[in-house]
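Structure, as structure tokens:
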Amino acid sequence: DRGLRMIEIYKHQFKDLSSVIAQIKNRNYKFIIYMDDLSFEEFVQILNKDFSVNYIDVGQGDCIFIRLPDGKNLLIDAGLNDEYLENSRYIMKILNQYSVTNVDYFVLTHPDIDHIGNANDIINNFNVGTAYLPIISNSLLSEFPQYKTTLDLLEQKQIQTITSDY
């Protein structure tokens with residue numbers, strides 16, 4: 001069975017990320033490695049010889065930019081769209097500092113506004129390769145209007161999407 005699996009890594013486990021990747025890279029599944037609740041920190045960059053991880057402070061919510069060993073770009077969540085905090089401009093500034101034009105993998109972990117609030121700005125301003133996101137039932141979709149708008153934009157721009165259960 002080929003499917004999508006999610007692995008959650010906590011801050012204290014980050015030092016073991018390379019060994020986790022080594023253990024799963026040749027399996028028949030696709031994996032999303034998810035790191036949550038790190039947004040309380042200032043912009044933090046962690047460098048390794050193979051990749052860089054940048055935790056972008058967007059207040060409540062998450063936004064994590066990862067440059068992978070093959071040079072591809074992964075963005076996990078997009079924070080809360082808050083004009084007062086200017087989160088969208090801050091995210092764009094960080095991505096521009098890294099000369100990002102493509103977001104090869106865009107992971108939206110769940111439909112809460114503090115995780116997807118700037119997703120449409122990312123989709124509109126960068127070449128998004130594949131979006132990974134949870135499946136939301138039609139009955140729940142009305143509770144997340146921003147998520148519906150993001151789904152519509154992904155479809156309009158014909159961006160490949162891979163879904164998993166929520």
Side-chain angles (χ1 to χ4, degrees), residues 2-9 17-18 21 24-25 27 29-36 38-39 43-59 61-83 85-136 141 144-166:
R2 297 180 65 100
L4 181 65
R5 304 289 191 261
M6 292 186 80
I7 298 172
E8 185 169 7
I9 301 282
L17 184 59
S18 293
I21 291 171
I24 65 174
K25 72 179 181 180
R27 302 234 177 138
Y29 300 103
K30 291 185 179 192
F31 290 89
I32 293 174
I33 297 176
Y34 176 68
M35 296 168 270
D36 195 12
L38 300 169
S39 61
F43 174 79
V44 175
Q45 180 181 33
I46 297 173
L47 291 174
N48 177 298
K49 64 180 180 174
D50 296 327
F51 61 90
S52 66
V53 178
N54 303 276
Y55 303 98
I56 302 172
D57 184 1
V58 291
D62 287 317
C63 186
I64 304 167
F65 168 64
I66 302 173
R67 169 106 357 116
L68 299 168
D70 62 2
K72 292 189 177 180
N73 299 310
L74 165 64
L75 190 66
I76 302 173
D77 288 333
L80 176 65
N81 187 353
D82 186 328
E83 289 182 28
L85 295 174
E86 298 183 344
N87 286 341
S88 179
R89 275 190 259 182
Y90 186 58
I91 294 167
M92 302 296 171
K93 176 183 170 188
I94 299 301
L95 296 179
N96 287 329
Q97 284 177 352
Y98 283 87
S99 303
V100 172
T101 56
N102 297 320
V103 174
D104 301 287
Y105 312 107
F106 189 22
V107 178
L108 299 173
T109 58
H110 56 284
D112 291 347
I113 195 69
D114 61 337
H115 289 256
I116 66 159
N118 295 299
N120 293 352
D121 288 339
I122 299 299
I123 294 165
N124 282 320
N125 289 287
F126 297 92
N127 299 316
V128 176
T130 304
Y132 297 84
L133 56 157
I135 298 170
I136 304 296
L141 204 52
F144 302 102
Q146 176 68 36
Y147 191 73
K148 172 73 169 109
T149 302
T150 300
L151 290 175
D152 292 343
L153 185 58
L154 288 167
E155 184 177 340
Q156 174 192 341
K157 291 195 170 266
Q158 299 179 350
I159 295 171
Q160 177 186 9
T161 58
I162 296 177
T163 57
S164 65
D165 292 333
Y166 176 61

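No experiment lies behind these values; they were computed from the predicted model shown.
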**OP:** To the nearest 0.5 Å, tell me how far Leu133 CG sits from Thr163 OG1.
**Re:** 6.5 Å
Original post:
Roughly how far apart are Gln156 CD and Ile123 CD1, rounded to 0.5 Å?
Top reply: 10.0 Å
Original post:
Would a 4.5 Å heavy-atom cut-off, applied to side chains only, mark Thr161 and Thr130 as touching?
Top reply: no
Subject >> Reported CG-to-CD1 distance for the pair Leu151 and Ile159, which is rounded to 0.5 angstrom >> reply: 11.5 Å
**OP:** Run the numbers on Ile122 and Leu95 for side-chain contact (heavy atoms from CB on, under 4.5 Å), then give the verdict.
**Re:** CA-CA 10 Å; Ile122 299 299; Leu95 296 179; 4.1 Å; yes
**OP:** Could you check Ile66 against Ile76 for side-chain contact (heavy atoms from CB on, under 4.5 Å), going step by step and ending with a plain yes or no?
**Re:** CA-CA 8 Å; Ile66 302 173; Ile76 302 173; 4.1 Å; yes
Original post:
So which heavy atom on His110 is nearest to which on Pro134, and how close?
Top reply: CA-CG, 3.9 Å
Original post:
Atom CD of Glu155 and atom OG1 of Thr150: how far apart are they, to the nearest 0.5 Å?
Top reply: 13.0 Å
**OP:** Carefully, step by step, assess Leu75 and Cys63 under the rule side-chain contact (heavy atoms from CB on, under 4.5 Å).
**Re:** CA-CA 7 Å; Leu75 190 66; Cys63 186; 3.8 Å; yes
Original post:
Heavy atoms, side chains only, cut-off 4.5 Å: are Asn124 and Lys157 in contact?
Top reply: yes
Original post:
With sequence neighbours excluded, what pairs up with Tyr105 under the ring-ring contact (aromatic ring centres under 6.0 Å, His included) test?
Top reply: none
**OP:** Ignoring hydrogens and angles, tell me if any N or O in the side chain of Asp77 forms a donor-acceptor pair with the backbone of Thr109 under 3.5 Å.
**Re:** yes
**OP:** To the nearest 0.5 angstrom, please state how far the CD atom of Gln160 sits from the CD1 atom of Ile162.
**Re:** 5.0 Å
Subject >> Gap between atom CD1 of Ile113 and atom OH of Tyr147 - 0.5 Å precision >> reply: 12.5 Å
Original post:
Hey, is the main chain of Asn54 close enough, under 3.5 Å, to the side chain of Arg67 for a donor-acceptor pair?
Top reply: no
Original post:
Ignoring hydrogens and geometry, is there a side-chain-to-backbone donor-acceptor pair from Asp104 to Asn73 under 3.5 Å?
Top reply: yes
Original post:
Any idea which heavy atoms bring Ile91 and Ala78 closest together, and the distance?
Top reply: CD1-O, 3.4 Å
Original post:
Between Val100 and Phe65, is any pair of side-chain heavy atoms under 4.5 Å apart?
Top reply: yes
Original post:
Passes side-chain contact (heavy atoms from CB on, under 4.5 Å), Met92 versus Asp121? Steps please.
Top reply: CA-CA 9 Å; Met92 302 296 171; Asp121 288 339; 3.4 Å; yes
Original post:
Can you name the residues that form a salt bridge (Lys or Arg N to Asp or Glu O under 4.0 Å) with Lys148, not counting sequence neighbours?
Top reply: Asp152
**OP:** Please find out if less than 6.0 Å separates the ring center of Tyr132 from that of Phe106.
**Re:** no
